[in-house]
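Written out below as structure tokens is the structure these notes cover.
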Amino acid sequence: MWQYFPPFWNKVVYWQLGTQTHLFDLDNLFRAIPGNDGWMFRVIQTPWLTSYFRWIYANGFTLPVLIPIFRSFLAKDSLKMIRYSLSSHILQFVLIFPFYLTIHVNEVWYVLGHPDGMGRNLSAADAAVVVVNCFPSMHTSIAFAMLLLAWREKDQLFRWVWTLFCLSIIYSTLYLEIHWITDVIAGIILALAAVRLGDWIIANTRAQVLAFRDQFFPQGQTSTRLGRIMQPKRP
């Protein structure tokens, strides 16, 4: 995932720009919706808040997933690792591409003619690549999916820390004028869909694997590794 997804993502973005496959350009529509630019999330702005949210946004695409996966790895919980992976980039890339290939929405600051909230000093050519693919907000969908799964954890400290971190990621997209409120709402819906789909895949895969185990390893003669991977941890 770490090696192949980013270059694949870039190829898709450049292909989009070259072929102009979008069926809908929603910049003007989103701009016309009252409050859709999220101005209320920028009523209070300070240098330290801006620095905080810039760091949060810059790391908000990978850290919300990597930390829970490594945490599950240290706990030797393979099923939980699979659940976090499925509900994040693996399923969300598949679910979100139809939107990105048909709907064109630029970042808020770019449409409104404001300075870039991330302070990236982009050239016009770079900005044309960076500011596309806003609907739905994948920062939001990744963060919210990880928040939902974090609340299944027993560790209360981890639940609350990850809630603060994931909500900060979602807030940063509005504070920095990256995403429209409609992008964020769509991202939350996408996260719900990804988590439910991940649960469904795991449930059905477990049933098939356990049936395979019972057929070929009868009377408790199970494959130890197979059993450990597909068996959830006991409370």
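For the pair Leu147/Leu167, a side-chain contact is recorded, criterion being any heavy-atom separation below 4.5 Å from C-beta on. Residues Leu148 and Leu192 form a side-chain contact, since some pair of their non-hydrogen atoms from C-beta on lies under 4.5 Å apart.
Counting non-hydrogen atoms of neighbouring residues, nucleotides and ligands closer than 6.0 angstrom, the CZ atom of Arg196 reaches no more than 12 such neighbours. Around the CG atom of Leu74, the shell of radius 6.0 Å holds more than 12 heavy atoms that belong to other residues, nucleotides or ligands. More than 12 non-hydrogen atoms from other residues, nucleotides or ligands lie less than 6.0 angstrom from OH of Tyr52.
A donor atom on one side chain and an acceptor atom on the other are not found under 3.5 Å apart for Asp77 and Ser72. Side chains of Tyr175 and Thr50: a donor on one and an acceptor on the other come within 3.5 Å. For the 3.5 Å distance criterion, the side chains of Trp48 and Thr46 qualify, holding a donor opposite an acceptor.
Within the structure, salt bridge (Lys or Arg N to Asp or Glu O under 4.0 Å) contacts touching residues 44-66 (residues at least two apart or in different chains) do not occur.
Counting only distance, with no hydrogens or angles, the side chain of Asn59 and the backbone of Trp55 share a donor-acceptor pair below 3.5 Å.
Using the six-membered ring where Trp is involved, His89 and Phe93 have ring planes that are tilted, between 30° and 60° apart. The aromatic rings of Trp160 and Trp151 sit perpendicular, their planes meeting at an angle over 60°, well past the 30° parallel limit. Taking the six-membered ring where tryptophan is involved, the planes of Phe135 and Phe99 are perpendicular, since the angle between them exceeds 60° and thus also 30°.
Taking every heavy atom of both residues into account, Asp199 and Arg83 meet most closely at OD1-NH1, 2.6 Å. The nearest pair of heavy atoms linking Pro64 to Trp162 is O-NE1, 3.3 Å.
Linking ILVMFWY side-chain heavy atoms closer than 4.5 Å, directly or via other members, places Leu91 and Trp200 in a single hydrophobic cluster.
The one candidate from Asp183, Ile188, Leu95, Ile96 that meets the side-chain contact (heavy atoms from CB on, under 4.5 Å) condition with Pro136 is Ile96.
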